[in-house]
Amino acid sequence: MDTFYSSFRSRAGPNVNATAQSGSHIIAPVLTNNTITGGVHFLHNAHGFTFDRPHSETTQTSATRSLIFKHKTRICSEYRYVTEYNSLPGERVLLSERYTQPLILQRHRHQQEREEELRSSGEDFQQVLSSRSSDKSVHLNSLFNPDNHGISPSAVILQGNSGNGKTLTVQKILMDWASDKLYKERFEIVFHLKCKEINRIPGRKSLVEILSYSCSLTPDQISQILQKSPQKMLFIIDGFDELRLTQDNYDMSPHTDVIQKAPAEVTLCALLRGHILPESFLLVTTRSTATDKLSLLLKGPQRFTEIMGFSEKGVEEYFQKFFQDEQLFRRGYTFVKTNETLFTACSIPVICWITCTVMRDRFTDGADVTSGLETITSIYVDFVFTLLDHHCQGLSQPVPILLKSLGQLAERGMLERQVLFDEESVHETVSDSAKNPFLCKFLFKRRIHQETMFSFMHLSFQEFFTALYYVLLDEEESQKKLAVLLNHNDCYPPDFPAVWQFTFGLLNKAVRHTLMKKHGLFFHPNTQACLKKWILKKFHLNCLFDSGALFLLHCLYELHEDDFVKEAMESLNRLYTYGELLRRTDCWALLYCLQCCQSIKKVDLMSSSLTPEKLMMILPVLHKIKHLYLILEDASESDLGKLLCALTRGQTLNAQEVLVASQIPDVGNCSINTLDLSISEQLSSVHIGILSYKDPAAPLRSLSLTSPHSELININWIELFQIITQNDSDALINILYFSKLKKMAILVDCLTERWCVWTLQIIQNCPSLTEVKVDALFLLEEGIKILQRSRTRPACVMRVEGSVCHKLSQKCTEYKDRELSCNQKVMIHLNSWGFSMEMLRKSLF
């Protein structure tokens, strides 16, 4: 030990100097009525001796403050940036453009809660996370707050799955502390230790030497800082699960000195146990597979917290920060939110980053995100390889063997309908489970005991690894398993549809190339041929129904080979999803498959919960369907207008029939409930059905327009539907004047003077009109008189059909009276020569 000097100045007397030579100690000096001033530096106290420092000693000296300022400056400089997995040399991004606060829980969850989280997806999954966030969620600034009993933890465990953002959260804590935004009053100094780096430190090292590896301070400077207020110190230890600990590390005798040397792992364990600087605070991150070991090693009182990943709000915030452009953010986030599986996976921050990165590349290339950004399978493959490349240090198995063992475990769980696995089952198939980044470990209470169980990060990952297992098996075994499943599931959709979709996704040419290039994973060609033959057989039935139809479309979407998809779709005539809930992911699959084919004869989307949002997703391909039937929920005039614009302007077929029924809530403003579009090479017509109960004073019940197909393109359908809803008959005349109509038909409750004048004005102002048909329940005398005095233009005829009531007073005008014997059915003909009326049935009077 180097010689050191401690100088003490008495208030009333001379200076006191005490010197300890190498190998010696100053044992219990007695100082009374003295104040210690100056740069007093205690490097070492005798074992078991603690010095009772006066308060003035605990305050920072200017030298110490200068060192801490230097430490903070270095952290602000280095931790301000993030180096991403795909960063080129010297390439970095700002931490503020990536870090988003994840959901952190401060409690253990029960088995039922874990299963609910693992099995739910999409909006259901986000609702589960939302319910968790309202219960025991914490923020970074409250990790060390006192509990309900007023006790603050000395050590906080921050658990999280691989890729869930533990390291980035640590970086955020350090950056905010160094910027005086976090823990300013609580911690004067914060040190950061990375277990991955500690594994590489050779020889025997003291704590001050280990700390010097991770900061810009020297061991002597660190030693000087450590003498000041240990209760104001925080040590952040990142990646405990990566620390290489042996039984010898546990058995070595503890030491309590910051300069005593030992293997780096042993010194770190002494800090964790509280043997060194027991008054300091600890924050330790770890995967769930090592939490139990950490808890046994760590000093108390402890607090357990767990990073759950991003909430729905967190995913949105991450996308916004990543793209730094409102338009790109909206395009990317909307795409992800419409895909339930991908949206669920994006709760994992690394998958969020992968998805955003892939999207940004497509935006840069000018690609349209709606054309099928990436298959779900490709995103999962990227995630698996990210963990293999960056989170799998020290694995004892080659990658192909590791993936097959995970797939075998996953398949067992799928067949047995399990998402939680007992310890014995895991150890039978997966070696070194504690270091496996794809598995999560849980401890559950069972009466007076604890039970250890494992799971994949989510059911979707279990499904993915099952599919990977099937295609990685050798040809004979793979064919055997697939044949059993295919024969067993002759009715479709089969069991485990997501497994099948992932299987087809793994057959994608780009995905196969990635798997082969990265880790030499090979799929036998006969396996591909077997699956493609099976799905072609289904499409050759010419007609797909219900959920089975959607399942097969998803398989083609994940395969994402345009030529093969085209071959399958061209053998299909009819597609029915009647009564099936059409999810947003189903719309993406339908969009892609229809983009690959020339046309399809019939698609029935009736009673499929088709919302305007979902309609917009498939809008670009609806013109390829010869006979389209759909029910649109909660539609506005704008939604219906966009639909008509897409059908008329994107038309490539010689003929098309479209029937749209609109389910409108009572609180809605739109009064249009049906659209019937018929397109042919010569003339096309649109029939618009109107709900009269929306405005009882507006008796217009329907409007039919027929014109050359080329003229349908020129109609402003959104404006037209708004005019109909607003019952603005004058504006309706103006918009129809420019439409070059050939034929028009209307249905009204009563033929009043108003409707006669309105119809005659349209005939006068629309020179292309050749035929007008008016149907009414009742023809009122005031309307008949107008027609008797009128003429049409040459080449235009008008027919009016309805009932005339012969009662002298209180004439019939309501629908319920239409069959009464006082009513006579008549047909009025009006042309350029004049007026005529014929009886269609004799009156009973």
Side-chain angles (χ1 to χ4, degrees), residues 676 678 680 682-688 690 698-712 714-715 720 723-724 728-808 811-813 818 822-845:
D676 194 346
S678 178
S680 64
Q682 287 77 34
L683 293 178
S684 299
S685 63
V686 177
H687 176 82
I688 304 168
I690 303 164
L700 181 62
R701 290 184 176 273
S702 70
L703 173 67
S704 296
L705 308 173
T706 301
S707 69
H709 173 64
S710 58
E711 296 302 324
L712 291 179
N714 299 323
I715 296 178
L720 175 62
I723 289 171
I724 291 174
D728 189 344
S729 56
D730 292 334
L732 189 57
I733 291 177
N734 293 332
I735 197 171
L736 294 178
Y737 173 74
F738 298 99
S739 62
K740 296 185 180 180
L741 282 176
K742 289 293 184 182
K743 300 178 183 179
M744 185 186 76
I746 65 171
L747 172 64
V748 296
D749 285 337
C750 295
L751 183 69
T752 61
E753 178 181 350
R754 170 196 170 193
W755 282 115
C756 287
V757 171
W758 182 84
T759 306
L760 292 170
Q761 284 179 328
I762 289 183
I763 293 174
Q764 186 66 31
N765 293 329
C766 193
S768 61
L769 200 57
T770 60
E771 182 179 322
V772 175
K773 179 73 164 58
V774 179
D775 286 296
L777 289 176
F778 295 98
L779 308 182
L780 303 188
E781 186 175 349
E782 62 185 69
I784 295 175
K785 288 181 178 180
I786 293 291
L787 295 179
Q788 287 173 336
R789 303 195 299 265
S790 303
R791 301 288 186 275
T792 67
R793 289 181 296 97
C796 181
V797 296
M798 176 179 176
R799 295 198 311 274
V800 181
E801 184 175 338
S803 297
V804 175
C805 180
H806 292 297
K807 291 192 297 185
L808 297 178
K811 291 181 178 290
C812 298
T813 58
R818 69 190 186 284
C822 58
N823 299 318
Q824 172 69 57
K825 194 80 168 179
V826 301
M827 171 76 78
I828 294 175
H829 299 271
L830 187 67
N831 52 38
S832 58
W833 300 314
F835 169 94
S836 64
M837 183 168 63
E838 63 174 308
M839 304 295 179
L840 298 182
R841 103 180 155 211
K842 291 184 178 180
S843 171
L844 297 178
F845 284 117

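Please read all numbers here as calculations on a predicted model, not as lab measurements.
- Judged by distance alone, the side chain of Arg793 and the main-chain N or O of Ile763 form a donor-acceptor pair under 3.5 Å.
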Sequence neighbours excluded and cut-off under 3.5 Å, please list the side-chain donor-acceptor pairs for residues 783-790, or say none.
residue, atom, partner, partner atom, Å
Lys785, NZ, Glu781, OE2, 3.4
Ser790, OG, Ile786, O, 2.6

Self-check item: Candidate pair Val772 and Ile762, rule side-chain contact (heavy atoms from CB on, under 4.5 Å), full reasoning
Solution: CA-CA 9 Å; Val772 175; Ile762 289 183; 5.8 Å; no

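- Rounding to the nearest 0.5 Å places CG of Leu732 at 6.0 Å from CG of Leu720.
- The distance from atom CG of Leu703 to atom CD1 of Ile723, rounded to the nearest 0.5 Å, is 11.0 Å.
- Contact annotation: the side chain of His687 approaches that of Ser702 to within less than 4.5 Å [non-hydrogen atoms, C-beta and beyond].
- Expressed to the nearest 0.5 Å, how far CG of Leu780 lies from CD of Glu753 amounts to 10.5 Å.
- A donor-acceptor contact shorter than 3.5 Å is absent between the side chain of Ser803 and the backbone of Phe778.
- Closest approach of Ala776 and Leu751 over heavy atoms only: CB-N, 3.9 Å.
- In this structure, the separation between SG on Cys822 and CG on Leu808 is 11.0 Å, given to the nearest 0.5 Å.
- At least one side-chain heavy atom of Leu705 sits less than 4.5 Å from a side-chain heavy atom of Met744.
- Put simply, the side chain of Ser768 never gets that close to the backbone of Lys742: no donor and acceptor are under 3.5 Å apart.
- Note that NE2 of His806 is 8.0 Å distant from NZ of Lys811, once rounded to the nearest 0.5 Å.
- Looking at heavy atoms from C-beta onward, Lys740 lies out of side-chain contact with Pro708 at the 4.5 angstrom threshold.
- Under the 4.5 Å side-chain criterion, counting only non-hydrogen atoms from C-beta, Glu782 is in contact with Thr752.
- Put simply, the side chain of Leu700 reaches to within 4.5 Å of the side chain of Val748, judged on heavy atoms.
- Remark: Glu771 engages Arg799 in a salt bridge (charged side-chain N to carboxylate O under 4.0 Å, His left out) (not counting sequence neighbours).
- In this structure the side chain of Leu830 reaches within 4.5 angstrom of the side chain of Leu760, judged on heavy atoms.
- In this structure, Ile724 CD1 and Ile688 CD1 are separated by 4.0 Å, a value rounded to the nearest 0.5 Å.
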Exercise. List the steps, then state whether salt bridge (Lys or Arg N to Asp or Glu O under 4.0 Å) holds for Glu801 with Lys773.
Key: CA-CA 8 Å; Glu801 184 175 338; Lys773 179 73 164 58; 3.6 Å; yes

